[in-house]
There are 2 protein chains.
Amino acid sequence: MSKPRSPSIKMVADRAGVSVATVSNVLNGKPSVSPDFALRVQDAVRELGYVVDIGASRLRSQKSQLAGVVVPDLTNPMFASFVSTLEHLARVDGFDLVVVSARNNPEEEADRLRNIRSWRPAGLIVIPCDGSFAERLPGGFSAPVVLADRIPDKPGFDLIAVDNSAAAGAIATHLENQGYKDCLVVGSWLSISNVRERWEGVRGAVKRLGVEVLEIGIDDPEGADRLERRLRGRQLPGALFVLDHGSSLLAYRTMAEIGLSAPRDIGFASFDDMEWMRLVAPGITAVRQPVEDMAEQAWALLLRRIRGSAGDPVTRRLRCAIEIRGSTSRSPHQEAGEAPKGGMTCTLQEGRYSPD
Amino acid sequence: MSKPRSPSIKMVADRAGVSVATVSNVLNGKPSVSPDFALRVQDAVRELGYVVDIGASRLRSQKSQLAGVVVPDLTNPMFASFVSTLEHLARVDGFDLVVVSARNNPEEEADRLRNIRSWRPAGLIVIPCDGSFAERLPGGFSAPVVLADRIPDKPGFDLIAVDNSAAAGAIATHLENQGYKDCLVVGSWLSISNVRERWEGVRGAVKRLGVEVLEIGIDDPEGADRLERRLRGRQLPGALFVLDHGSSLLAYRTMAEIGLSAPRDIGFASFDDMEWMRLVAPGITAVRQPVEDMAEQAWALLLRRIRGSAGDPVTRRLRCAIEIRGSTSRSPHQEAGEAPKGGMTCTLQEGRYSPD
DNA sequence: ATGAAAGCGCTAACAT
DNA sequence: ATGTTAGCGCTTTCAT
């Protein structure tokens, strides 16, 4: 039993009794083929189950219908959804996607970035692990790169992100309006640019609310300890605002373990609105990011760059929505244990969120 | 400004002052290269930022270091985690992965399956959309295929799945032991084999518990209506057992909207244990599937097949764990609204789950 | 140990 | 409208 190779264009040509060039022309929809020949080729293709070898095709034509996608972590629902949307859009435009995950590790990201070049993609969409992404991008990489979601330290890239600062500021203002006096702001790392932007958005927005920040890392037991100690300390903050989904999960679980319940003992809000935040009772006030929009815009931009439109790097900031739910309510009528309620959504208008 | 091409092996050879064959030998670690030449090549590679063209390499060597992965839906956390694990394992073995999502659509799956062949992957790992997967697999596909998670109607495939029937039966027994009299079993489609297996596991396990089943589809408003009507009807079942994650989300939300709370008004259990099920109060009793193990075993098996080990198709069933939490408790001390508690885990022993 | 040359499957340029 | 041929970047004989 020898290894059966996939049928080649030559076999199709032989079977149809035509030349390989004709087969290629039929497959690529070139006009200069007689209907008769086209049919014979299509028959042969079907009978053999022939599928073009995309690698050989690219090699010869020098045009790649392939885009690379690099995300920090596929198991993060935000990124999974981003990739899923991208994948669909790409296929509609006839592109394939090579998707790789850096598993939140800059070194792994650098490895993936190097490796993905061997595919000779026409372009790359990257959600970088952290701000120092530019140093990891292999020199002499000629294909266009569009960054999404996270902002690099160095400018000069096409970028599709959200208005982190404004949205975080809106949450801070909401907390202030609810009468909270002080707020502990928790995030993975301030070295991740949008976490930093969110924190700065909070600081820029508050008037009376006292704020302090705590970094707890990603999957870092020490960071988890720091948070737990802070929440067990005698100076319990009036509210907790968590700046990323991973940290929100951890914070919510930690609160539960300690026996703290929102909003009874402490206000609780989160950047990144995940499904479970509507399911717990009361629901959790959160910033909802337009992930699908980000994917759409990133893809559209990359496609333009691939098609050759040059020009200065584009930066676009998409608006988030704010979901006000029970976890930040100081009105007495909202009780813990009650069924989750609808809540209230507000969006940015003319550069300002108008909550409350 | 013309389009700058990636450096080729020829450019490296010129720069190092050697032949392309020598460059190739250095890159592929062939022993027959003098240290002197090897160094010169490595320098040239670094200076040019050369990365091998994996397509051209495969074309000539006829060996593909590429595996394809097809999943029904990347946004399902189970599948995302499956892919993420696979991706890591594959890279360790020097393989790249082409990942595609069928978006729960058999036609899209068929399209992806056809398309992925043009990459000439060395093998495929597929979580099929539904049981009739075999009909969608293009004829004459010679690379090995390993199925995971969902079971095809036709046998003859390598398969790594979980013990759906036993685990679902254990939940049913648990409900019975808790004193529930009847249970509504909800799933997307019984045509999805593991949903069917779970339902059959329930039926096979119950002695006194009255059971009925309801199919609600995937993202199907009509199905959602059916469920809501059933839960608003006068004959509210004693317990609800939902057989897949998507349906669990819907069911839990629907319950909340109606004002039903578990376990106060109705018992609630789920196949697929997601993070939020520990976060809501009380926690939700659920079957936890060994996703990472499934990915590991699927990859190991595929690698064996790629390396050439023939033999009859292998089927392996992995054991699930049962997480007993407050949502199925009939003891009065567990109250809704209380902080989520640790709960209790039990695993399969000698072919039987021993819950309660 | 090194290089020259053939050829993988395909498309593009050219010839008919 | 169709066929012939060269060559994309690489690995693999096969000489040397």
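This is a predicted model, so every value here is computed, not measured. When reading the values below, keep in mind they use all heavy atoms of this one structure, side chains included, and skip hydrogens, waters and symmetry mates.
Between K10(A) atom NZ and dT5(D) atom C1' the separation is 14 Å, expressed in whole Å. If you take CG of L27(B) and P of dC10(D), they are 9 Å apart, rounded to a whole angstrom. Here dT11(C) presents its C1' atom at 14 Å from CD of Q65(A), a figure rounded to the nearest Å. The CZ atom of R58(B) sits 14 Å away from the C1' atom of dC8(D) (whole-angstrom rounding). Spacing between atom CD of Q62(B) and atom C1' of dA6(C) amounts to 14 Å, rounded to whole angstrom units. If you take CH2 of W119(A) and P of dC10(D), they are 15 Å apart, rounded to a whole angstrom. Rounded to a whole Å, the CG atom of L59(B) is 17 Å from the P atom of dA6(C). The nearest whole Å value for the distance from the NZ atom in K63(A) to the P atom in dC8(D) is 15 Å.
Between R58(A) and D53(B), at least one side-chain nitrogen of the basic residue sits less than 4.0 Å from a carboxylate oxygen of the acidic one, meeting the salt-bridge criterion. Using a 4.0 Å cut-off between a side-chain N of Lys or Arg and a carboxylate O of Asp or Glu, D43(B) and R40(B) do not qualify as a salt bridge. Taking a cutoff of 4.0 Å between a charged side-chain nitrogen and a carboxylate oxygen, R305(B) and D158(B) qualify as a salt bridge. Ionic pairing of R112(B) and E108(B) is present here: one or more N-O contacts between side-chain nitrogen and carboxylate oxygen are shorter than 4.0 angstrom.
The side chain of N28(B) approaches dT11(D) more closely than any other nucleotide in the set dT11(D), dC10(C), dG9(D). Minimum atom distance to the side chain of S61(B) is reached by dT12(D), of the listed dT12(D), dC10(D), dC10(C). Set against dG9(C), dT12(D), dG9(D), the side chain of R60(A) has dG9(C) as its closest nucleotide.
Heavy atoms from other residues, nucleotides or ligands lying under 6.0 Å from CD of E107(B) number 12 at most. Within 6.0 Å of the CG atom in D219(A), the count of heavy atoms belonging to other residues, nucleotides or ligands does not exceed 12.
A side-chain N or O of T22(B) and one of S19(B) form a donor-acceptor pair less than 3.5 Å apart.
Checked against F157(A) for a side-chain contact (heavy atoms from CB on, under 4.5 Å), the options T315(A), V314(A), L137(A), I151(A) give a single hit: L137(A).
With sequence neighbours excluded, no residue satisfies ring-ring contact (aromatic ring centres under 6.0 Å, His included) with F79(A).
For the segment residues 19-26 of chain B, residues with any heavy atom less than 4.0 angstrom from an atom of DNA chain C are, sorted by number, S19(B), A21(B), T22(B). DNA chain D lies under 4.0 Å from at least one heavy atom of each of the following residues of residues 30-45 of chain A: S32(A), V33(A), S34(A), F37(A).
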